[in-house]
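Residues: numbered from 1 along the sequence shown. In each ligand, atom 1 is the first atom listed, and ligand 1 is the first ligand listed.
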Amino acid sequence: MQGSAERALGVHRVVAPSGVLPRAALRLDADPAIGPDEVRIAVRRLNLDAASYRQLSESCGGDGDAVRTAVVEIVESRGKMQNPVTGSGGMLIGVVDAVGPESPLGLEVGQRVATLVSLTLTPLRITDGLARWDGRSEQVPAQGTAILFARSIAAVLPDDLPDAVSLAVLDVCGAPAATARVVERAAARSVVVLGGAGKSGSLSLAAARAAGATELTGLVRDEAEAAALRASGLADRVVVADATDPLAVAAAVGTPADVTVVCVDVPGAEHGAVLATADGGTVVFFSMATSFSAAALGAEGMAADVTMLVGNGYTPGHAAMALDLYRSVSGVRALIDPRVHA
Ligand code: NAP
């Protein structure tokens, strides 16, 4: 029997290997029967994290049926949605359908919520075989159950936004919060966002502006994204380069910035991000495709005096901040809406 601190982290749901935290587990117990401190969610929709979805889609050659089968198999075998290659998950929305008497989360049966803890540590059971999903989008209509622990976090979904929009924004809500915090603490003027036309990228640009940055550069992969980002007005300067080509990134960015935020969903952006950042500056690696060793050894090898931060998905107030940026900044909506509806 675990102590309450361990239970609060969900250790009692770990099937194998024993003794690890749920995120590191190979398999979780996704039994829908809840303990006194747990909450059960009736799942409505999953949002696969962008790096995970891209990897699954590419490894299945873009075959949606194969992607669906792969996701169902992962959830059945692991009791959670954690891509074994990227290690990442995503989050979900659903309706609270049971609350244990000792749960400290303050949730009530019937509330529509988004879980703000990763799917990589959330016990999950799928009951519809994902039959309503064509395997061609990050958002997955789904039926089943998910379990929240005492130390999980969830946000009640706003009534003024479509659920699909809330899900997309909340999935990446750590990015604008982390960006704002770094810009404020460093009193940064110049910010480069790699992947500036994506969901986390557009929110990070808007957050950097709101936090006082005055020279915003968005780096995007092609002219189509450049046109969309220019039209959004979120960046002062838009440059086109492959974020995985360090020399191309350095040439496109020019004078290195005080802060660089990595919001691409592909591996290999570490060295370009370091080169894009001025000595004494900060890189925020929000991308789940980031390699710690590539970032650390790359910076060392370039004698780059930069602070490198892992983009923690959690910052107090992150959900409200991201939703407010979506509501208040038309450029953010212009970039995120087409991705949600795609
Ligand atoms: P997104 O909306 O798909 O945005 C990613 C952007 O990067 C897209 O505009 C994409 O362009 C662009 N891109 C891809 N490859 C590129 C390249 N080689 N050069 C330049 N641009 C490139 O993704 P998102 O939802 O914002 O997620 C971004 C990252 O955040 C992912 O790695 C995801 O795993 C991570 N994430 C982290 C957390 C956390 O807690 N730290 C939480 C959620 C997500 P195209 O659309 O043209 O491909």
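Relative to atom 46 (O) of ligand 1, the option among Lys199, Arg54, Arg339, Met288 with the closest non-hydrogen atom is Arg339. Selection from Glu225, Gln55, His318 by nearest heavy atom to atom 10 (C) of ligand 1 gives Glu225. Considering Tyr53, Phe286, Tyr314 only, the shortest heavy-atom separation from atom 38 (C) of ligand 1 involves Phe286. Considering each of Asp222, Val264, Leu219, the one bringing a non-hydrogen atom nearest atom 7 (O) of ligand 1 is Val264.
Atoms of ligand 1 found under 4.0 Å from any heavy atom of Ala51, numbered from 1 in the order shown, are 32 (O), 34 (O). If you number the atoms of ligand 1 from 1 as listed, the ones under 4.0 Å from a heavy atom of Gly198 come out as 2 (O), 4 (O), 9 (O). Ligand 1 places these atoms under 4.0 Å from at least one heavy atom of Ala50: 23 (O), 24 (P), 25 (O), 27 (O). For ligand 1 and Gly313, the ligand atoms under 4.0 Å from any heavy atom of the residue are 40 (O). Atoms of ligand 1 lying under 4.0 Å from at least one heavy atom of Ser287, given by number and element, are 29 (C), 30 (O), 32 (O), 35 (C).
Remark: distances from the non-hydrogen atoms of Ala241 to ligand 1 include one below 4.0 Å. Not a single heavy atom of Met91 sits under 4.0 Å from any atom of ligand 1. For Gly311, the heavy-atom gap to ligand 1 drops under 4.0 angstrom.
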Would you be so kind as to tabulate the donor-acceptor pairs closer than 3.5 Å made by side chains of residues 280-290, with sequence neighbours excluded?
residue: Ser287; atom: OG; partner: Val264; partner atom: O; Å: 2.9
residue: Ser287; atom: OG; partner: Ala289; partner atom: N; Å: 3.0
residue: Thr290; atom: OG1; partner: Ser287; partner atom: O; Å: 2.7

Under 3.5 Å, side-chain donor or acceptor atoms of residues 143-152 against the rest of the protein: list the pairs with distances, not counting sequence neighbours.
residue: Ser152; atom: OG; partner: Phe149; partner atom: N; Å: 2.7
residue: Ser152; atom: OG; partner: Phe149; partner atom: O; Å: 3.3

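Considering both main-chain and side-chain atoms, Thr244 never comes within under 3.5 Å of ligand 1 through any nitrogen or oxygen pair. Residue Ser200 has at least one nitrogen or oxygen atom sitting less than 3.5 Å from a nitrogen or oxygen atom of ligand 1, judged on distance alone. Considering backbone and side-chain atoms alike, Gly195 places every N or O at 3.5 Å or more from each N or O of ligand 1.
Between the side chain of Arg23 and the backbone N or O of Leu119, no donor-acceptor pair lies under 3.5 Å. Arg40 places a side-chain N or O within 3.5 Å of a backbone atom of Pro32 that can act as its donor or acceptor partner. Under the 3.5 Å distance criterion, the side-chain polar atoms of Lys80 are left unmatched by any main-chain donor or acceptor of Leu121.
When each of Lys199, Arg54, Arg45 is checked for a salt bridge (charged side-chain N to carboxylate O under 4.0 Å, His left out) with Glu138, only Lys199 meets the rule.
With a 4.0 Å cut-off on non-hydrogen atoms, Cys263 touches ligand 1 through its backbone and not its side chain. Contacts of Asp242 with ligand 1, taken as heavy-atom pairs under 4.0 Å, involve both backbone and side chain. Of the heavy atoms in Asp49, only side-chain atoms (C-beta onward) come closer than 4.0 Å to ligand 1.
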- prompt: What do the steps show when you test Val182 against Val191 for side chain to side chain contact (heavy atoms under 4.5 Å, CB included), and what is the final call?
  reply: CA-CA 10 Å; Val182 169; Val191 175; over 6 Å; no

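Salt-bridge formation is detected for the pair Arg327/Asp160: a Lys NZ or Arg NE/NH1/NH2 atom is positioned less than 4.0 Å from an Asp or Glu carboxylate oxygen. Checked for salt-bridge contact, Arg209 and Asp236 meet the test: a charged N lies under 4.0 Å from a carboxylate O.
Side-chain atoms of Asn47 and Tyr53 form no donor-acceptor pair, as typed in the model, at a separation below 3.5 Å.
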